[in-house]
Amino acid sequence: MKITLRDAPPRAIWALEQAGIHPLLARLYAGRGVRSPDELDDQLALLPPPEQMRGCTDAAQLLADTLQAGARICIVADYDCDGASACALALRGLRLLGQPLGWNRADYLVPDRVQDGYGLTPAIATRVHASGADVLVTVDNGIASVEGVAHARALGLKVLITDHHLPAVIGGSVALPKDCVIVNPNQPDCSFESKALAGVGVMFYVLLALRAELRARGLFGASNQPRLDPLLPLVALGTVADVVRLDALNRRLVAQGLKRIRNGQMPAGLAALFEVAGRRSALASSFDLGFALGPRINAAGRLSDMRLGIECLSCDDPARAAELAQTLDAINRQRKSLEGEMREQALQLAEERCTTHTATPPALCLYDSAFHEGVIGIVAARLKDKLHRPTFVFAPSQAADQSGTLKGSGRSIVGFHLRDALDLIAKRHPGVLLRFGGHAAAAGCTIAADQLPTFAAAFEQIGSEWLDAATLQQHLETDGALEPQYRRLDLCDSLQQQVWGQGFAPPLFCEELEVLSQRLLGQKHLALKLRHGGEPVDGIWFGRTETLPARVKLAFRLDADEWQGRRRLRFLVEGAEC
């Protein structure tokens with residue numbers, strides 16, 4: 001582990017301080033690229049207009065025509081939290097905007113992770129058509145569904161694609177679905193200023209455009225138009241849970257959603273999820289969305305049926321919402337147990353692989369016949385984080401029509417583009433990959449079971465070609481020392497109220513500290529007593545069992561621990577440079 005310091009330009013810090021921003025926050029913001037206080041303004045009036053996003057106006061016209069004609073809409077969702085949030089948002093938003101017309105004809109369909117796979121396939125299009133829908137709307141998928149859209153159009157369905165993923169590349173050229181409306185900031189020739197919107201953010205923009213179109217058609221005026229800001233808690237949830245980059249626009253959307261959650265202005269399902277997670281919605285943070293609520297929604301898509309998650313987020317009845325949230329919580333506990341078992345087994349397999357090398361291989365490929373395909377992605381992520389290696393984890397496919405095949409999910413480190421690696425394997429070993437897709441940090445594939453040794457060797461070979469010692473050195477970027485006067489509960493609370501996440505990392509401090517005492521908690525965690533600024537302070541390092549030297553350079557976060565009604569400040573340790 002190499003602990004490094006994030007660059008925070010003094011001129012930027014000074015400019016932010018002059019605008020009245022607390023000196024500590026000014027340093028943290030400057031280290032994350034903020035140069036002007038305007039970038040921190042979260043007013044909704046500063047949102048870029050929907051018409052700047054290619055296809056948004058056409059989408060609004062299609063949906064307005066659909067509502068006025070009394071036609072039926074079927075939303076095809078994805079089975080992760082972003083897809084579920086986007087689907088719930090679309091259902092709520094369309095019904096809200098359709099009220100002046102007496103329209104309420106929206107339904108949804110979510111593919112099964114195992115049986116259907118990802119996206120709008122021809123089979124899914126057939127099911128939508130059989131449901132009696134007139135218009136098919138995708139959320140968080142569809143940009144690469146060339147065949148699925150073609151089949152839907154052949155069946156007579158009108159199609160609106162709302163997505164944020166990259167288009168498919170076929171024969172070296174971008175291939176977009178034809179004869180449909182596409183709203184995606186990452187499609188060619190879209191000049192929208194943010195390319196980092198999650199699927200739920202794209203759908204929110206479509207609803208903004210639809211409201212403007214209905215207003216232009218005279219259904220309501222600016223003074224009595226339906227309010228869409230109550231949907232922002234769902235936008236915040238999906239955005240944080242999908243780990244998209246928190247650029248200025250996404251931070252604004254998340255901040256507005258969190259404000260409403262803290263004020264109790266949220267769907268009953270969200271309130272119920274806070275309750276079962278043991279989190280206080282009045283103090284809601286981006287951490288709660290990403291690590292408490294998001295996993296409970298995702299668990300439904302991994303191990304059960306994402307319709308449970310969508311129904312929970314769409315529900316307005318508190319009693320039903322509580323029942324659904326408890327079900328999701330139980331599924332998530334099952335997921336955590338299964339994940340823990342698989343992670344331990346995968347770590348053991350990784351250690352066995354390492355015994356045949358003088359060092360950890362540059363890339364890892366792991367498989368066990370007992371692995372569950374719904375959890376392999378999160379296990380790959382855990383191993384990648386622990387070992388700092390590109391990692392693929394495989395499990396037997398559970399699909400009835402895919403006997404003898406393996407599903408693989410990979411996660412990668414900076415400097416190793418996972419989707420490009422799969423593409424190179426496909427070129428070097430034609431026929432090994434039955435299908436694959438993804439992006440730089442995450443990807444998936446399907447292979448025949450007997451091709452696993454070929455894939456593993458090819459993946460490791462690419463790792464040895466692309467990765468050098470510097471890339472394989474794990475770095476932990478920090479904000480430097482914490483001044484003793486800032487070691488306060490009120491500042492800790494203030495930091496936790498800010499919007500942190502992917503691309504806008506939460507504060508992480510580092511300095512050399514004296515270890516006064518250390519002991520194991522439950523044989524799993526290291527409880528510490530540290531000296532900071534001449535004063536003792538409690539510390540905790542979750543998942544650490546090895547002891548530390550008497551003086552050590554630690555990377556830590558400020559954390560408020562609550563026990564028996566008493567709150568105290570502690571350092572939550574995340575790394576050490578020994």
Check: Taking only residues at least two apart or on different chains, which pairs with a member in residues 266-284 satisfy side chain to side chain donor-acceptor pair (under 3.5 Å)?
Finding: R279-D288
Gap separating the [atom1] atom of [X] from the [atom2] atom of [Y], nearest 0.5 angstrom:
X	Y	atom1	atom2	result
L324	L313	CG	CG	9.5 Å
L293	I261	CG	CD1	7.5 Å
L270	S85	CG	OG	7.5 Å
L94	L207	CG	CG	5.5 Å
L96	Q225	CG	CD	10.5 Å
H165	D163	NE2	CG	6.0 Å

Side-chain heavy atoms of [X] within contact of [Y], under 4.5 Å:
X	Y	value
E311	R320	yes
F192	V202	no
P267	R92	yes
F504	N250	no
L253	L232	yes
R251	Q498	no
I161	N184	no
K195	C190	yes

Check: Between K259 and D229, is the closest basic N to carboxylate O distance under 4.0 Å?
Finding: no
Next item on the list: Identify whether the distance between the nearest side-chain nitrogen and carboxylate oxygen of D538 and K529 falls below 4.0 Å.
Entry: yes
Ignoring hydrogens and geometry, is there a side-chain-to-backbone donor-acceptor pair from [X] to [Y] under 3.5 Å?
X	Y	value
D78	N141	no
Y205	P48	yes
T545	K524	no
T239	A198	no
R544	V573	no
R411	T391	no
Q326	V276	no
S131	V128	yes
D82	G199	yes
H525	W541	no

Considering non-hydrogen atoms only, spot the tightest contact between [X] and [Y] and give its length.
X	Y	answer
A560	D493	CB-OD1, 4.3 Å
P50	C56	O-CB, 3.3 Å
A86	V139	CB-CB, 3.7 Å
G83	D140	N-OD2, 3.3 Å
A300	L328	CB-CD2, 3.6 Å
A84	I297	CB-CG2, 3.9 Å

Next item on the list: Apply salt bridge (charged side-chain N to carboxylate O under 4.0 Å, His left out) to the pair R32 and D479, showing each step before the final yes or no.
Entry: CA-CA 10 Å; R32 287 152 182 78; D479 297 290; 2.8 Å; yes
Margin query: Quick one, L528 with I540, criterion side chain to side chain contact (heavy atoms under 4.5 Å, CB included). Give me CA distance, side-chain angles, the key distance, then yes/no.
Written below: CA-CA 6 Å; L528 301 163; I540 184 76; over 6 Å; no
Next item on the list: Can you tell me which residue pairs pass the salt bridge (Lys or Arg N to Asp or Glu O under 4.0 Å) test with a partner in residues 325-340, sequence neighbours excluded?
Entry: R296-D329, D329-R333, R335-E339, E339-R343, E339-R382
Indicate whether any N or O donor in one side chain lies under 3.5 Å from an N or O acceptor in the other, for [X] and [Y].
X	Y	value
Q256	R260	yes
Y29	E39	no
D41	Q43	yes

Next item on the list: Determine, stepwise, if the pair N186 / H164 fulfils side-chain hydrogen bond (donor to acceptor under 3.5 Å, both in side chains).
Entry: CA-CA 6 Å; N186 289 300; H164 68 122; 5.5 Å; no
Note to self: Going by the rule side-chain hydrogen bond (donor to acceptor under 3.5 Å, both in side chains), which residues pair with D559 if we only count those two or more places apart in sequence or in a different chain?
What the structure shows: R570
Note to self: As a test of understanding, state which of L214, L97, N224, L67 forms a side chain to side chain contact (heavy atoms under 4.5 Å, CB included) with L219.
What the structure shows: L214
Notebook entry, point to check: Testing Q334, H372, R113, E373 for side chain to side chain contact (heavy atoms under 4.5 Å, CB included) with R302, which one passes?
Noted result: R113
Next item on the list: Evaluate the side chain to side chain contact (heavy atoms under 4.5 Å, CB included) criterion for residues H22 and L491: first the C-alpha distance (whole Å), next the side-chain angles of each, then the deciding distance (0.1 Å), finally the verdict.
Entry: CA-CA 10 Å; H22 188 281; L491 276 176; 3.7 Å; yes
Next item on the list: For H532 and E511, run side chain to side chain contact (heavy atoms under 4.5 Å, CB included): C-alpha distance rounded to whole Å, both residues' side-chain angles, the deciding distance at 0.1 Å, then the answer.
Entry: CA-CA 9 Å; H532 176 261; E511 53 192 292; 3.1 Å; yes
Notebook entry, point to check: For L572 and F556, what are the C-alpha separation, side-chain angles and deciding distance, and is it a side chain to side chain contact (heavy atoms under 4.5 Å, CB included)?
Noted result: CA-CA 5 Å; L572 201 160; F556 59 91; 6.0 Å; no
Check: NZ of K386: more than 12 outside heavy atoms within 6.0 angstrom?
Finding: no
